[in-house]
4 protein chains.
Amino acid sequence: MEKARRKEREFNLRRADILDAAVKIFAAKGFHNATVAEIAASSGFAIGTLYQFFAGKEQLYSALLTEKLTAMYAAIRAAVGGASDIVGKIEQLVDSQFRFVEENAEFCGIFVRGDYLSLSEGSAELRAGIRRDYARHVAFIAEVLRTGIRAGVLREMDPTTMATALTGIVNSYASQWIALAETESLRRKTSSALAIFLEGVRR
Amino acid sequence: MEKARRKEREFNLRRADILDAAVKIFAAKGFHNATVAEIAASSGFAIGTLYQFFAGKEQLYSALLTEKLTAMYAAIRAAVGGASDIVGKIEQLVDSQFRFVEENAEFCGIFVRGDYLSLSEGSAELRAGIRRDYARHVAFIAEVLRTGIRAGVLREMDPTTMATALTGIVNSYASQWIALAETESLRRKTSSALAIFLEGVRR
Amino acid sequence: MEKARRKEREFNLRRADILDAAVKIFAAKGFHNATVAEIAASSGFAIGTLYQFFAGKEQLYSALLTEKLTAMYAAIRAAVGGASDIVGKIEQLVDSQFRFVEENAEFCGIFVRGDYLSLSEGSAELRAGIRRDYARHVAFIAEVLRTGIRAGVLREMDPTTMATALTGIVNSYASQWIALAETESLRRKTSSALAIFLEGVRR
Amino acid sequence: MEKARRKEREFNLRRADILDAAVKIFAAKGFHNATVAEIAASSGFAIGTLYQFFAGKEQLYSALLTEKLTAMYAAIRAAVGGASDIVGKIEQLVDSQFRFVEENAEFCGIFVRGDYLSLSEGSAELRAGIRRDYARHVAFIAEVLRTGIRAGVLREMDPTTMATALTGIVNSYASQWIALAETESLRRKTSSALAIFLEGVRR
DNA sequence: GATGAATGAGGCTTCATTCAT
DNA sequence: TATGAATGAAGCCTCATTCAT
């Protein structure tokens, strides 16, 4: 059936419209201060319509976080996979994350704003899922770094600790960029972040 | 009047009791899921009594954040001031922050949990204040680092960017420690963080 | 036109299908907890289609009650009309009602469940109609009994009161049977009900 | 503490006020068409206040039914206990039930209206409880009648069936009285009901 | 000063009904 | 004619705040 196809495509488009509207509101006001009515109005649908796409406010929020983060992690892995040498991989790590932040500034604002997890106690599931995915991401980075250590390019050091430092630097640059609503490209900072991580700041 | 003194001292003690109870609740459930009734019960006061110490829930939360952060920044400055050379200052920067996190794990959990800013739109004031203080903190660190650059110890590089990287590393270590509820002292990680920041990870 | 005939017949068949599906749902969950979507799904029609047969949920419910009850009253009258003597008529009264309950257990469950009248204030009409029909039914029974009194078979007593007692006994037997989901035939109880009504329980 | 006493008494008074207001509304409009706001307004409290006395709308309704029915069953048992001979006991059974109906016409209207059980599927508990209590009541009546059979006063017959018939007659009289909003005392009908139950209608 | 019961605005969600396809 | 996605009014409930005791 051709019809079913089109239906599904339209469904996904509308769903994406809602998510787009929701990101803006959630990023601007936080989970609790955003109202379903507001998101509905902003997405151009009636309140009831949202409930045909998402089972509730929390599920909408949850879908937002989960899907975007999944995409981000995937993009980063793809970028890293495209580089051949260690340093290139680390550079891609930083650069692809910066690219994602630039392209999803509003979404990332949720994290800088800080309320990405202020949900009812019920949804420990989402919290756990996000944390698990983050842990996996750090583990992935650690694995990349471990290769560098084995290759003798990086210092002998716990790779997870190294990965923690790297994500810290990257997140901090990104947070600054978002918080200050800087217009200059964040990606220009890639080399700076990379340099500090690789060479340190001591002369 | 001696009486007025005692009154004030008692007032401050009670106020601190409330804040202590509030930290635990806010850290455990987030701003919106914590109820005033809960905080009152946990602090041993009646609901109405809380309103004699704080004008409202947001103000209580605000006081909590502001005062703790002020103390933290002050502690860091004091620690840095106690060191004479650049590297020692940077070490104190890291170490004193780690110490604060260790001693205020619950409070810092608020930040890792992420909802430190999920307030009503009205309190943009608090948000702005926290951001301003953070910016000042970064500026302070940048100033320390600038001295290091001038002294030829650190690389020629934008000191604010350097400071951003440093706070990123420190926060990332701290977040990991809190999120994983690690028991081992966070301060043991000081040298590791310092090494990465100063020397980088490249062999 | 032959076509119009077939159309009408089809219309009535579909209508009956919907009513059949509706009885089950209403009986199981009550008027308010049953949803139109549920009835539509269960009857195999689309939601919108239901509205071509019934003007609304209440009207559907109303039609259900009215038509079934009308059929029941008619069946009872027919049965009573088939008997020649008073006692035979009363026996038919009881027996035909029991038969209807057995054959329409789900429908009667609506009454035992109790929400046959929990409608919006608007539909006082239906309420009134059902009550009127019930009053007529009681009046009909009273008339039958009056004949018995005149014939000297029954005690001198207000026939309406007698009729009230009889319907009470019958309804009570039926309710028990439905509530306990008994498998044994309810009609076996006809003689028992009749005996109590006619002879009483005193030895 | 004298204070706690008074508090509790006041609490119960207010609670009773709410129940009184609720009976009227529920009886007039049914469970689903009655709104919490309406009950609150009618009882002179704010909406939120109701929730300090009852956990929710269903619990309020549930308390209403449970408490009233418990009182009714208790009153009936007390009345029956006060009679010495079988016939006197049966008479008390009928009379005390009629008295309760007269004194609680509004409440009993809930049953005549019929929606006493149209609750969400969740509260099967209440439904089960009411049915259990009713079964116990019938069993109690059956026990009384069994004594009459043993004493040779009543016919040899299944006492539960007899009890079913008796409750049917009584309920039917009561329903008529409520439905027709008759002003004449229902208790005058006690002897009529008793006569039919004991002697039947056959001359 | 301390208390905590009362308040009621505001949020999330449901579902009967409509109407464009 | 049949469909079922969209609609939005209306209801239940929460909880920060007040104020009479």
Side-chain angles (χ1 to χ4, degrees), chain A residues 3 6-7 10-11 14 31-41 43-60 120, chain B residues 7 10-11 14 31-41 44-61 120, chain C residues 7 10-11 14 31-41 44-61 120, chain D residues 3 6-7 10-11 14 31-41 43-60 120:
Chain A
K3 207 174 160 188
R6 189 169 56 241
K7 276 257 167 122
E10 277 221 358
F11 181 91
R14 291 171 202 279
F31 176 74
H32 279 98
N33 295 114
T35 69
V36 172
E38 204 175 0
I39 295 169
S43 64
F45 291 98
I47 292 173
T49 306
L50 294 207
Y51 285 83
Q52 299 202 334
F53 293 87
F54 303 95
K57 190 190 181 187
E58 283 208 7
Q59 284 81 353
L60 166 55
S120 76
Chain B
K7 279 249 169 141
E10 274 219 2
F11 181 91
R14 289 171 200 274
F31 177 73
H32 278 97
N33 295 114
T35 68
V36 172
E38 206 173 0
I39 294 169
F45 292 97
I47 293 174
T49 308
L50 293 206
Y51 282 82
Q52 302 196 332
F53 292 88
F54 303 94
K57 190 190 181 188
E58 285 209 1
Q59 286 80 355
L60 165 55
Y61 191 64
S120 75
Chain C
K7 279 250 167 139
E10 275 218 1
F11 181 90
R14 289 170 200 277
F31 177 73
H32 278 97
N33 294 115
T35 68
V36 172
E38 206 174 358
I39 294 169
F45 291 97
I47 294 175
T49 307
L50 293 206
Y51 282 83
Q52 302 197 333
F53 292 88
F54 303 95
K57 190 190 181 187
E58 285 208 3
Q59 286 80 356
L60 166 55
Y61 192 64
S120 76
Chain D
K3 207 175 162 186
R6 189 169 58 239
K7 277 258 167 119
E10 278 221 357
F11 180 90
R14 290 171 202 279
F31 177 74
H32 279 98
N33 296 113
T35 69
V36 172
E38 204 175 359
I39 295 170
S43 64
F45 291 98
I47 293 174
T49 306
L50 295 208
Y51 285 83
Q52 300 202 333
F53 293 87
F54 303 95
K57 190 190 181 188
E58 283 209 6
Q59 285 82 352
L60 166 55
S120 78

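These values consider heavy atoms only, across backbone and side chains, with no hydrogens, waters or symmetry-generated copies. Below, chain A is the first sequence line, B the second, and so on; all start at residue 1.
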Does a side-chain heavy-atom distance below 4.5 Å link D/Phe11 with D/Gln52? no
Which label fits C/His32 and D/His32: parallel for a plane angle under 30°, tilted from 30 to 60°, or perpendicular past 60°? parallel
Do the side chains of D/Glu10 and D/Arg6 get close enough for a salt bridge, i.e. N-O under 4.0 angstrom? no
CG of D/Leu50 versus C1' of F/dC13: gap in Å, rounded? 11 Å
Expressed as a whole number of angstroms, how long is the span from D/Tyr51:OH to F/dA16:C1'? 18 Å
Between F/dA9 atom P and A/Ile47 atom CD1, what is the distance in whole Å? 9 Å
Heavy atoms only, 4.0 Å cut-off, all strands: where does A/Phe45 land among base, sugar-phosphate and nothing? sugar-phosphate
Closest non-hydrogen atom pair, D/Ser43 against D/Leu50: OG-CD2, 4.0 Å
Residues in ring pair (Phe, Tyr, Trp, His ring centres under 6.0 Å) with B/Tyr51, at least two apart? none
Between B/Ala40 and B/Ala46 the two heavy atoms that sit nearest each other are CB-C, 4.0 Å
Pairing of DNA chain E as dot-bracket, 5' to 3': ( ) intra-strand, [ ] crossing, | other strand, . unpaired, with Watson-Crick or G-U pairs under 3.5 Å? .||||||||||||||||||||
For A/Arg14 and B/Val36, take the nucleotide of DNA chain F holding the closest heavy atom to each; which residue's nucleotide lies nearer the 5' end? A/Arg14
Which atom names give the shortest non-hydrogen contact between C/Glu38 and C/Asn33, and what distance separates them? OE1-O, 4.1 Å
C/Gln52 side-chain N/O to F/dA2 phosphate OP1/OP2 under 4.0 Å: yes
Nearest-nucleotide check on DNA chain E, B/Gly48 vs D/Gly44; residue mapping nearer the 5' end is B/Gly48
Grab the NZ-C1' distance between D/Lys57 and F/dT14 for me, whole Å please. 17 Å
5' to 3' contact window, DNA chain E with chain B (heavy-atom distance under 4.0 Å): E/dG1 to E/dG4
How long is the span from the CD atom in C/Gln59 to the CZ atom in C/Phe53, to the nearest 0.5 Å? 15.5 Å
By the 4.0 Å heavy-atom rule, please label D/Ala34 as base, sugar-phosphate, or nothing. sugar-phosphate
To the nearest angstrom, how far is C/His32 atom NE2 from F/dA10 atom P? 14 Å
Could you check C/Ala37 against B/Ala46 and say which one's nearest nucleotide on DNA chain E is further toward the 5' end? B/Ala46
Once you round it to whole Å, what is the distance between P of F/dC12 and CZ of D/Phe54? 15 Å
Considering just the side-chain nitrogens and oxygens of D/Thr35, establish if one lies under 4.0 Å of OP1 or OP2 belonging to F/dG11. no
